[in-house]
Amino acid sequence: MSLPELETPAARVLYINSQDATTKYGDFSTNYDFQLEEPVSVPPHHIILMSLYSAEIPYSFYYFDTGQNTRIDIQITAYGTAASYLSGPVGGSGLFDENLTQSKIVYIPEGNYNAVQLAHQLTQDIGDTVASPGVKPIKVSWNPITLKFDFICVVANTRVTLAISNANPFIIAGSGVIGGNMYEELGFVAQHPLPVNDGDLYVEWDGGTNWGSGYSNGNGAIAGPGISTPTAGSPFGVATPLVAENVGDLTASVRSLFVRTNLSTNSVLDSHIGGGFSNILARIPVNATSGNTIRVDPSNGTKHKLLIKSKTITNVSLRLTNQRNTDIDLNGLNWDISLMMEFIHPRDIPQLEEFRKVWDQVSLKLDEEKQIDIVKDPRPDRIPTKEEDETKKKEEEKKKKK
């Protein structure tokens, strides 16, 4: 069917459920291809404007997801004893040594934590190394006024070091899933530009009146104990916690959901890839609570339209990611999406002049305006002298004779 007044075919809406995917990639339902049984053919002299029409996405993903941000590496040493590091480049810092009996890679369970729950979970899980079985020497608290996490040691003659900047990025035998440091969620800065705050944080207590905290690093090309930088005034005479520099950001891993498609390659720019062209079709705000459904309705779905110049669409690839282009894990659930395809004539699209051309025209106009003669003493209240009147009359007479 065509619309006579527009001379274009009627728009089409493609509804897709991830369960019907032709090919799935990875273990999630958020990265797949769908093969169209009836290809979408674009009539001659037409192109497609495509947009997100609607979506229903179960809020079943976790902000703390294994392999993303559930891991934290620790070492438990004696009070005043720095953590140990692997040998590193000369003049640089080595990697956190995770192979020692006083070391451990801690994984908190996956889930959606609020700040208080996360602080409690870390307090319960950090510790219990081979060298110190059953010992949980650190207390993590959440300050609702400053919105920051606090860390303090609660076991006598103990220092606890948490790997922030120097966690080993390689697979350690028996450690499980690699990756997933949660320093952003805790409010700490990895590779801090200020040397005094750079490295891995530590907190300690001597069992008496001395509490200390600071940052620890490897000692260059020499393997073994690292070097530590105490915070100002450390050790403290009272139980002073180490406070995170930034506020806790529990949603650092998923701020928004992004729908990406193989049909979009040159219509969206993305700062995550340096401002280059991206395959993002639409951004979906997380507008529901955990356990409910995130919805995009037709009334608010068609915000951004992509220009598609393909003449035949036989398959659609779709991915649901976070802002870092990492696939979202819906934990076994499927999601629905519908795409609006509108046929238009290329002549209906206004041709915008290039910015450089417009700028050159404006610059030329400004240059011309600057060359306009400026009248000398153009004040209307100034009375010309007799000599000026005579001179002016002579000039006018010369012009008439010419």
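Counting heavy atoms from C-beta outward, Asp198 and Ser165 have side chains that approach closer than 4.5 Å. Counting only heavy atoms from C-beta outward, the side chains of Ile108 and Leu118 approach each other to under 4.5 Å. Looking at heavy atoms from C-beta onward, Val203 lies out of side-chain contact with Ile152 at the 4.5 angstrom threshold. In this structure, Met341 and Leu14 have side chains that are in contact, with non-hydrogen atoms separated by less than 4.5 Å. Using a 4.5 Å heavy-atom cutoff, the side chains of Phe149 and Leu122 are not in contact. In this structure the side chain of Asp329 never reaches within 4.5 angstrom of the side chain of Phe61, judged on heavy atoms. In this structure, Phe151 and Leu186 have side chains that are in contact, with non-hydrogen atoms separated by less than 4.5 Å. The shortest side-chain heavy-atom distance between Ile74 and Ile138 does not fall under the 4.5 Å cut-off.
In this structure, Gln35 and Thr22 approach most closely via the heavy-atom pair N-OG1, 2.8 Å. The two residues Pro137 and Gly127 make their nearest non-hydrogen contact at CD-CA, 4.0 Å. Nearest heavy atoms, Trp142 versus Val116: CD1-CG2, 4.1 Å. The shortest heavy-atom contact between Leu330 and Ser60 is O-OG, 2.6 Å. Across all their heavy atoms, Val130 and Pro133 have their closest contact at O-CD, 3.4 Å. The two residues Tyr63 and Leu250 come nearest to each other via the heavy atoms CB-O, 3.7 Å.
Residues satisfying the salt bridge (Lys or Arg N to Asp or Glu O under 4.0 Å) criterion with Lys104, sequence neighbours excluded, are Asp128. Listed by chain and number, the residues in a salt bridge (Lys or Arg N to Asp or Glu O under 4.0 Å) with Asp73 are Arg71 (sequence neighbours excluded). For Tyr15, there are no side chain to side chain donor-acceptor pair (under 3.5 Å) partners, not counting sequence neighbours. Annotation: ring pair (Phe, Tyr, Trp, His ring centres under 6.0 Å) contacts of Tyr183 (sequence neighbours excluded): none. Remark: Gln102 engages no residue in a side chain to side chain donor-acceptor pair (under 3.5 Å) (not counting sequence neighbours). Partners of Arg283 according to the side chain to side chain donor-acceptor pair (under 3.5 Å) rule, which considers only residues two or more places apart in sequence or in another chain, are Ser256. Residues forming a salt bridge (Lys or Arg N to Asp or Glu O under 4.0 Å) with Arg255 (at least two apart in sequence, or on another chain): Asp249. For Glu185, there are no salt bridge (Lys or Arg N to Asp or Glu O under 4.0 Å) partners, not counting sequence neighbours. In this structure Ser216 satisfies the side chain to side chain donor-acceptor pair (under 3.5 Å) test together with Tyr85, sequence neighbours excluded.
A distance of 6.0 Å separates CG of Leu281 from CG of Leu52, quoted to the nearest 0.5 Å. Taking CZ from Phe258 and OG1 from Thr321, the interatomic distance works out to 7.0 Å, rounded to the nearest 0.5 Å. Put simply, CG on Leu257 and CD1 on Ile57 are 5.0 Å apart, with the number rounded to the nearest 0.5 Å. Atoms OG and CG, from Ser29 and Leu318 in turn, are 11.5 Å apart once rounded to the nearest 0.5 Å. Ile105 contributes atom CD1, which lies 11.0 Å from atom CG of Asn181 (distance to the nearest 0.5 angstrom). Taken from CG in Asp336 to CG in Asn17, the straight-line distance is 4.0 Å, to the nearest 0.5 Å.
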side-chain contact (heavy atoms from CB on, under 4.5 Å) between Thr161 and Phe96, intermediate numbers included: CA-CA 10 Å; Thr161 304; Phe96 204 69; 3.8 Å; yes
From CA spacing to verdict: side-chain contact (heavy atoms from CB on, under 4.5 Å), Thr314, Leu36: CA-CA 5 Å; Thr314 58; Leu36 299 180; 5.6 Å; no
Candidate pair Val135 and Thr129, rule side-chain contact (heavy atoms from CB on, under 4.5 Å), full reasoning: CA-CA 8 Å; Val135 176; Thr129 63; over 6 Å; no
Residue pair Ile328, Phe28: steps toward the side-chain contact (heavy atoms from CB on, under 4.5 Å) verdict: CA-CA 8 Å; Ile328 295 294; Phe28 307 150; over 6 Å; no
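Using modelled atom types, no side-chain atom of Ser103 and backbone atom of Asn99 make a donor-acceptor pair closer than 3.5 Å. Side-chain atoms of Asp125 do not come within 3.5 Å of backbone N or O of Val106 as any donor-acceptor pair. Checked by atom type and distance alone, the side chain of Thr77 never pairs as donor or acceptor with a backbone atom of Ala83 at under 3.5 Å. Panel note: side chain Asp65, backbone Gln68; no donor-acceptor pair is recorded below 3.5 Å. One N or O on the side chain of Asp200 and one on the backbone of Ile164 form a donor-acceptor pair closer than 3.5 Å. For the pair Glu56 (side chain) and Thr293 (backbone), a donor-acceptor distance under 3.5 Å is absent.
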Name each donor-acceptor pair under 3.5 Å that joins a side chain in residues 232-248 to protein atoms two or more places apart or in another chain, with its distance.
residue : atom : partner : partner atom : Å
Ser234  : OG   : Ser213  : N            : 3.2
Thr240  : OG1  : Val238  : O            : 3.3
Glu245  : OE1  : His192  : NE2          : 2.6
Glu245  : OE2  : His192  : NE2          : 3.2

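With Arg319 as the partner, the side chain to side chain donor-acceptor pair (under 3.5 Å) test is satisfied by one option alone out of Thr30, Thr261, Asn325: Asn325.
Each salt bridge (Lys or Arg N to Asp or Glu O under 4.0 Å) pair with one or both residues in residues 105-114, not counting sequence neighbours, would appear here, but there are none. For residues 134-161, the set of pairs meeting the salt bridge (Lys or Arg N to Asp or Glu O under 4.0 Å) definition, not counting sequence neighbours, comprises Arg159-Glu204.
No side-chain donor from either of Asn315 and Asp33 sits under 3.5 Å from a side-chain acceptor of the other.
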